[in-house]
Amino acid sequence: MTDIVLEDIRKSYGPVEVIHGIDLDVASGEFVVFVGPSGCGKSTLLRIIAGLEEVTSGTVRIGGEVVNDMRAADRGLAMVFQSYALYPHMTVYKNMAFGLENSKLPRAEIDRKVRDAAEMLQITPYLDRRPKALSGGQRQRVAIGRAIVRDPQAFLFDEPLSNLDAELRVAMRKELALLHTRIGGTMIYVTHDQTEAMTLADKIVVLQGGRVEQVGAPLDLYNRPQNVFVAGFIGSPRMNLVETVAASSGDGLSLTRAGTALAIPAVGGIAPGDAVTFGIRPEHIHLTDGEPDILATVTVAEQLGGETYIYCEAEGLPQITLHQPGQVLVSAGDPLKLAVDRTNLHLFGADGRAIANGLAA
Amino acid sequence: MTATLKERAATLAALPVEFLFRALETPLAFVQRLVGVRGMPWVFLLPNLAFFGIFVVIPLFINFAFSLTGGTALYPSDRVYAGTEQYAFLFDCENFADPITCREDRFWKGIYNTAVFIFFQVSFLVLFSLVTALVLNMKIRARGFFRAVFFFPVLLSPVVVALIWKWILLRDGLLNAFLVSLGLDKILFFVSPEWAMFWAIFVSIWAHMGFYTLILLAGLQAIPPDLYEAAEVDGTSRERVFFRITLPLLWPNLLVVIVLALIKGVQIFDEVFVLTGGGPGTATQFIVQYIYNTAFTQQVQNFGLAAAASVVLGTVLFVLTLTQLAVTRKRDNG
C-alpha cells in the first residue's frame, strides 16, 4: 500500500492542453474514483499515474518518490483495463502468471500466488481455459486476478465494468468493494458512471474538461456540491436545476422565472436582480395540498413498486423530476402541486459556484 | 444553393444506374417467373461460372487429356493416346536428388531450381516483410509515405519490374556504373549462375514484399494496443513482448503469408523470364518456364510432356491452396 500525490499535472497533445494543472492526494489504502463525462481527462490522468502517458509538466509521486521518469513497470502498480487486455492465446493461468514470470520469481512461488488469487476470485475451475471460453464477468475476474498476483503498491482500474451487462455490473461492483475491504490496497478507479462512484469510493474526484471540479466523500459531493456541474453530475436522477432571477420579496428574496416565484430567506451574496440557479434533488420536492411553490403537469410516471419517479412540466420551467417513496398513483396529464424543501435547496451564482447548500427552515 | 447543386448532381449521377435497373427489371422478372426465386442465385452466378468454366475448367480437362497423349500434333483429334507414358518419362530417374540421372533432366533441374528459389525467396520475403511491417507499425515519422513506398512495386507489372532491374544490372547498367565509380570491376551478373539466382530472388522479393507487408501490418494493427500496455505495466521486456505476444497473435497471418508466398513462388515465371531468360544455361530456369519451353519454344513442340508437367505442378499448387484455405479458416474461426 502506498500514497499517490499529483502536483500541478498538465498534459498536452501538440498545442491542445487536455489536463490543466491537477493537484490531488490519494492516501494509502484509499479507494478513489475519478468520475466525469467522456473526454474529461479521467483516463488520461490514470494513464499518467500508470506511466503509460508522460506528463507535460507537474510531478507524480508514488510513496513519496517522484516517478515522472520511471518506467510503468517500475512504479509497482497494477492496472485493470476496460477491455480486460487478457492475452487471447494464453490460458487463464498463463495470463495471471505472465507478469510474475517477468520478475523471474521461482516457479513454485508463481504457482502459489496464481492459485491463491484464483481461489479468492473463484476462478480456479477456469485456470486451463482461454479467455474466449469465459463470460464477461469471468474475464473481468481474471483481469483483476492478474493485478492481484503482482501484489502491487496500488491498483488502477480503467472503467473495468463498462463492458458488462447491467446485472453483472451491479454484482461485480459489490465484489470490487469486498475486494478492497479484503486486500485493503490503494485503488484508483475511473468511471463515467456516478452510481459506481457513489457506491465504491472513499473519495470521489469529479473531473470536467481536464480540471478537477470537486474532491470529497460521496455524500459530501451529494449534499454540498461546490458548483452546478457537480450538482448535476452526482445523483440519479439528476438534480433539478432552474435558472432564475432574484427579486426582493418582503424581508427575503424571491427566485422568479416565467410565472413561478420561489420565496426564500435573504441569503448573503444574492441581491435583487442577480442571476441565480436553484437546484433541488428529486427526493426534496414534495406533493402538497397547501400553497404550492410550483404548479406542474405530469408527463411520465414510472412506478417501481417501492418508489415512484414522476417527470412533469411547468410553464416556463425545464422538466422537473420527483422521487417519491411508495406508490404515488398519478398519470400523464394530472396536475400536481409541488412544494420545494428549502432546507435542501442549493443556490448557485451566475458563475456556477455554490452560494448556499441548504437554507434555514 | 450549394446543397441544391449537390442534390442535382447526385440525381444526375444516379440516372444511368436507375435507367439500368429499370431496363433490367422486365427481363429479370421474366427469368424469375421461369426459374423461380430459388433459381435466381444461379442466374446471377451464371456469367461468372461460364467465364470460369470456359477459361479455367475446360482448359484444365483439355490439359489433362493432352497429358495422356503423345506426338506433336496440336489438335486433340490428331493426337495419339499414350496413357501414362509422359508421366513415366518425367519420373524416370535413378536418383531424384540428382537431376542429371533423370531422363528428363530439364524438368528436374526446373524443380531443383524452383526449390532453391522458393527456400530463399520465401524465407527472406517473410523475414523482410515482417521486419518492415513491424517498423511501419511503429510511430515513425512519415509513416504513411513509407507504407506507400513499400507497396508501390506491387502495383507494377512483373515485366516492368524485371526490365527496370535488368537495366540496373546489365553489364553497362546503373549498378556496374556505380561499382566502377568506386574503383571496382564490373560484375557480369547474368553470366554467373549464383549472381543470376541471387538477383532473381532479390527482384522477386522487392516486387512482392509490399503485398505481404500489408497483410502482416493489418495483422499487427489488429492486435489490441491494450495488450502491449498491460505487458508494459507488467514489466515485460521488448523481446518477450515480441516472442510471447506479437508473434503468437500474428502467427495466423504469418502462416497465410508463408503459404501464399509458397504458391506464388512455385508459379514464378514472368519476372525471371524477362530478367534472366532462365540463364545462364538453365541456372534460373524454373518449372513453369520448363513447361513453357517444352510446349512452345522448342523445335519439337512436346505438348503432351508439357501438359503432364502442368498436371504435376497443378497438383502441388492444389495441395498448397488447400493448406492455405485450411489456415485461413482456422484463423477466421480464431
Side-chain angles (χ1 to χ4, degrees), chain A residues 43 46-47 49-54 67 70-91 94-105 110 130-133 139 142-160 163, chain B residues 126 129-130 133-134 137-145 215-259 323-324 326-334:
Chain A
S43 286
L46 192 80
R47 291 167 60 81
I49 296 170
L52 296 173
E53 296 273 358
E54 285 179 16
V67 296
M70 195 184 275
R71 290 187 322 144
D74 300 330
R75 297 189 181 196
L77 308 173
M79 187 155 169
V80 177
F81 292 81
Q82 183 174 2
S83 64
Y84 318 131
L86 299 178
Y87 307 120
H89 56 295
M90 295 184 198
T91 61
K94 289 270 180 198
N95 261 285
M96 289 169 73
F98 189 74
L100 297 175
E101 286 167 0
N102 292 331
S103 46
K104 305 220 162 48
L105 279 181
I110 293 175
R130 294 221 177 147
K132 73 173 178 187
R139 285 180 203 179
V142 177
I144 294 170
R146 194 168 64 179
I148 289 176
V149 290
R150 293 188 55 224
D151 208 6
Q153 298 201 57
F155 292 88
L156 308 178
F157 295 93
D158 189 4
E159 306 210 30
N163 287 348
Chain B
V126 172
S129 301
L130 179 62
L134 285 169
N137 196 39
M138 285 163 34
K139 285 178 187 162
I140 53 166
R141 203 177 279 267
R143 188 163 63 165
F145 170 74
I215 296 179
L216 293 177
L217 190 59
L220 285 173
Q221 289 182 343
I223 300 174
D226 280 1
L227 297 187
Y228 292 117
E229 289 183 343
E232 192 181 340
V233 174
D234 279 349
T236 316
S237 66
R238 287 171 73 123
E239 297 76 34
R240 203 165 135 83
V241 166
F242 177 73
F243 287 110
R244 296 293 304 275
I245 298 172
T246 307
L247 210 51
L249 291 176
L250 194 63
W251 186 239
N253 290 63
L254 214 50
L255 263 183
V256 168
V257 162
I258 291 170
V259 178
T323 315
Q324 190 241 328
V327 166
T328 313
R329 197 167 301 150
K330 195 175 171 202
R331 182 192 62 176
D332 292 346
N333 294 337

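No experiment lies behind these values; they were computed from the predicted model shown. Just so it is clear: chains get the letters A, B, ... in the order the sequence lines come, proteins before strands, and each one is counted from 1.
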Region of [X] that comes under 4.5 Å of a non-hydrogen atom in chain B:
{"X": "A:Arg146", "result": "side chain"}
{"X": "A:Tyr87", "result": "both"}
{"X": "A:Phe98", "result": "both"}
{"X": "A:Ala147", "result": "neither"}
{"X": "A:Leu86", "result": "backbone"}

Separation between CG of B:Leu250 and NE2 of A:His89, rounded to the nearest 0.5 Å: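 Reported value, rounded in 0.5 Å steps: 11.5 Å.
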CZ-NZ distance between B:Arg244 and A:Lys94, expressed to the nearest 0.5 angstrom: 6.0 Å
Minimum heavy-atom distance B:Val233-A:Leu77, with the two atoms named: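 For B:Val233 and A:Leu77, the tightest heavy-atom pair comes out as CG1-O, 3.5 Å.
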Atom of B:Ala230, atom of A:Ala85 and distance for their closest heavy-atom approach: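 Closest pair (atom of B:Ala230, atom of A:Ala85, distance): CB-CB, 4.0 Å.
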Greater than 12 external heavy atoms within 6.0 Å of B:Phe242's CZ: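 Result for CZ/B:Phe242: enclosed.
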Residues from residues 219-229 of chain B approaching chain A under 4.5 Å (heavy atoms):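 When heavy atoms of chain A are the reference, residues 219-229 of chain B contributes B:Asp226, B:Leu227, B:Glu229 within the under-4.5 Å range.
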